[in-house]
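Data first, discussion second: the structure below is written as structure tokens.
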Amino acid sequence: MPELPEVETVRRGLAPVLVGQRIAEVRLRRKDLRIPFPPRFAKRLEGRRIERLDRRAKYLLAALDSGETLVIHLGMSGQLTLEGGKPARRYHEREGLGAHDHVLITLEGGRCLLFNDPRRFGLMTLVPTDKLSTHKLFHRLGLEPLDGELTGAALQDLLAKRKTPLKAALIDQSVIAGVGNIYACEALHRARLSPKRLARTLKAESAARLAAAVSEVLAEAVEAGGSTLRDYVRSDGSPGYFQHRFAVYDRAGERCPREGCRGTIRRIVQAGRSTFYCPTCQR
DNA sequence: ACCAGCTCCTGCTTGC
DNA sequence: TGCAAGCAGGAGCTGG
């Protein structure tokens with residue numbers, strides 16, 4: 001679900017509240033998400049201060065004063081929201097939590113970070129902060145789009161050996177980190193490139209256009225607070241707004257919004273996932 | 001090395 | 001109306 005813009009929006013919402021705070025208590029309501037929680041997970045969090053809140057690809061990274069980093073992935077349906085205010089322990093101990101409220105992290109200040117994830121494709125784990133970049137979750141990740149790494153040349157280089165359709169290459173996290181199904185479709189439309197085109201056939205000029213399109217779409221989506229289709233909300237529970245600006249995603253049958261193009265948006269299936277594009281202007 | 005396909009899980013939408 | 005199949009924003013694993 002949440003792609004880079006949604007995760008970045010959650011990060012921006014959480015950072016002012018979490019950074020500098022100490023974790024008072026952690027409550028796990030099951031023993032695993034997509035993967036098991038690490039040994040003594042709650043104990044390794046309790047009493048620790050959160051020193052930074054960063055993002056890599058679609059992962060949130062909370063660096064702790066213990067030298068470990070709490071790694072969080074929202075999967076398809078994960079939500080991280082801030083609950084409660086003054087009455088410190090109330091939320092943590094309350095009954096009647098939702099069936100999918102899996103983890104509660106109560107801060108010394110009294111607020112509570114709640115992780116809810118119906119499909120349980122998300123994960124939480126702990127990784128030594130100085131070993132993050134070599135950890136198996138991170139070592140294969142590709143270019144980080146909002147950090148200036150995503151240049152036309154770098155992208156062309158990564159795509160050069162790939163025999164997959166462009167769309168499949170774009171959602172491959174070892175090429176560009178953080179792009180998922182929605183923003184891949186949007187970026188390809190903006191770059192006027194067909195999702196079916198073979199990745200390695202991209203010339204420098206097209207690769208540059210695609211690199212720029214990905215960066216622009218993601219940046220605009222972050223500005224809009226992400227896209228809310230069904231599950232995604234910001235940390236305060238409010239929705240994002242970028243879905244209203246989709247050019248192609250979930251718009252099969254509609255007229256292509258590109259000026260001067262009279263095409264109709266089509267939905268096809270690639271590698272088992274929906275792709276939306278305009279066959280007229282995307283080549 | 002690379003790639004397509006399958007899989008985990010729940011809930012909403014669609015079609016009979 | 002009711003029920004079952006199909007589908008969903010992710011990504012690791014398998015086998016070719």
Side-chain angles (χ1 to χ4, degrees), chain A residues 1-10 29-37 55-60 71-80 98-103 115-125 135-142 145 157-188 195-201 214 217-218 221-222 224-234 239-246 248-253 267-276:
Chain A
M1 84 112 325
E3 305 184 28
L4 185 153
E6 290 73 36
V7 178
E8 177 61 20
T9 300
V10 170
R29 300 186 65 233
R30 47 179 305 123
K31 62 182 191 325
D32 60 11
L33 294 169
R34 194 179 84 210
I35 61 174
F37 294 112
R55 178 192 55 74
R56 173 77 171 113
K58 301 170 194 170
Y59 293 90
L60 280 172
V71 175
I72 304 173
H73 195 292
L74 301 177
M76 293 274 261
S77 58
Q79 296 182 355
L80 270 181
H100 308 302
D101 293 339
H102 304 308
V103 182
F115 182 80
N116 175 291
D117 184 9
R119 289 177 73 180
R120 266 183 279 135
F121 286 1
L123 68 84
M124 276 196 198
T125 193
H135 188 273
K136 79 183 233 191
L137 289 174
F138 303 102
H139 76 108
R140 290 165 27 95
L141 290 175
D157 197 45
L158 278 168
L159 295 178
K161 14 176 183 165
R162 307 228 153 217
K163 228 163 61 178
T164 48
L166 256 189
K167 158 74 182 316
L170 273 189
I171 61 179
D172 184 331
Q173 300 301 294
S174 67
V175 178
I176 303 177
V179 175
N181 204 43
I182 293 179
Y183 296 105
C185 294
E186 292 298 309
L188 285 167
K196 298 196 277 193
R197 175 116 170 237
L198 237 44
R200 65 175 175 192
T201 67
V214 170
V217 166
L218 294 177
V222 170
S227 304
T228 296
L229 298 189
R230 50 174 53 140
D231 299 322
Y232 164 73
V233 291
R234 309 188 209 200
Y241 294 98
F242 193 74
Q243 67 276 15
H244 302 300
R245 289 160 57 186
F246 289 163
V248 291
Y249 187 81
D250 208 16
R251 295 197 184 282
R267 172 185 182 270
I268 59 172
V269 175
Q270 294 180 289
R273 332 268 322 244
S274 291
T275 296
F276 298 89

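The model shown is predicted, which means the values in this text are computed figures rather than measured ones. Each chain gets a letter, A, B and so on, in the order its sequence line appears, and its residues count up from 1.
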Inset, instruction - Starting at the 5' end of nucleotides 2-8 of chain B, put B wherever the base has a protein heavy atom under 4.0 Å, S where only the sugar-phosphate does, and a dash everywhere else. - result: SSS---B

Inset, instruction - Take the protein atom CE of A/M76 and the nucleotide atom P of B/dC12, then report the distance between them rounded to whole Å. - result: 15 Å

Legend entry - Separation of the P atoms in C/dG6 and B/dC6, to the nearest angstrom: 14 Å

Inset, instruction - Indicate, with a heavy-atom threshold strictly under 4.0 Å, whether A/Y183 touches base, sugar-phosphate, or nothing. - result: nothing

Legend entry - Short side-chain to backbone donor-acceptor contact, A/E6 and A/G226, under 3.5 Å: no

Legend entry - With A/R56 via salt bridge (Lys or Arg N to Asp or Glu O under 4.0 Å) - residues at least two apart: A/E144

Inset, instruction - Output all residues satisfying side chain to side chain contact (heavy atoms under 4.5 Å, CB included) with A/A271, sequence neighbours left out; order by chain, then residue number. - result: none

Legend entry - Residue list, side chain to side chain donor-acceptor pair (under 3.5 Å) with A/Y249, at least two apart or on another chain: none

Legend entry - Protein-nucleotide distance (A/L229, atom CG; C/dC7, atom P), rounded to Å: 17 Å

Legend entry - Short side-chain N/O contact from A/R273 to OP1 or OP2 of C/dG10, under 4.0 Å: yes

Inset, instruction - Using heavy atoms to find the nearest nucleotide of DNA chain C for A/K136 and A/V179 separately, return the residue whose nucleotide is more 5′. - result: A/V179

Legend entry - Cationic N near anionic O, under 4.0 Å, A/R162 to A/D172: yes

Inset, instruction - Write down the distance between CG (A/N181) and P (C/dA11), rounded to a whole number of angstrom. - result: 11 Å

Inset, instruction - List for me each residue that meets ring-ring contact (aromatic ring centres under 6.0 Å, His included) alongside A/F37, sequence neighbours excluded, and say none if there are none. - result: A/F41

Legend entry - Spacing of A/L123 atom CG relative to C/dA11 atom C1', expressed in whole Å: 10 Å

Inset, instruction - Take the protein atom CG of A/D32 and the nucleotide atom P of B/dT10, then report the distance between them rounded to whole Å. - result: 11 Å

Inset, instruction - Using whole Å, report how far CZ of A/R120 lies from C1' of C/dA8. - result: 17 Å

Inset, instruction - Find the distance A/I171:CD1 to C/dG12:C1' and express it as a whole number of Å. - result: 14 Å

Legend entry - A/R267 side-chain N/O to C/dA8 phosphate OP1/OP2 under 4.0 Å: yes

Inset, instruction - Check side chain to side chain donor-acceptor pair (under 3.5 Å) between A/D32 and all other residues, then give those that pass, not counting sequence neighbours. - result: A/R30

Legend entry - Nearest to side-chain heavy atoms of A/L137, which nucleotide of C/dA8, C/dG12, B/dT10: C/dG12

Inset, instruction - Name the closest nucleotide to the A/E3 side chain, picking from C/dA8, B/dC9, C/dG10. - result: C/dG10

Legend entry - Contacts of A/K167 that satisfy side chain to side chain donor-acceptor pair (under 3.5 Å) - sequence neighbours left out: A/N181, A/T275

Inset, instruction - Check side chain to side chain donor-acceptor pair (under 3.5 Å) between A/R119 and all other residues, then give those that pass, not counting sequence neighbours. - result: none

Inset, instruction - Find the distance between NE2 (A/H100) and NE2 (A/H102) and round it off to the nearest 0.5 Å. - result: 6.5 Å

Inset, instruction - Pick the P atom in C/dC7 and in B/dG5, then give their distance to the nearest Å. - result: 15 Å

Legend entry - Pair pattern of DNA chain B in dot-bracket, where unpaired bases get dots and | marks partners in another strand, Watson-Crick or G-U under 3.5 angstrom: .|||||||.|||||||

Inset, instruction - Can you tell me the distance, in whole Å, between the CG atom of A/L74 and the P atom of C/dA11? - result: 10 Å

Legend entry - Short side-chain N/O contact to B/dC9 OP1/OP2 from A/H100, under 4.0 Å: no

Inset, instruction - Could you check which of C/dG10, C/dA8, C/dG12 has an atom nearest any side-chain atom of A/S274? - result: C/dA8

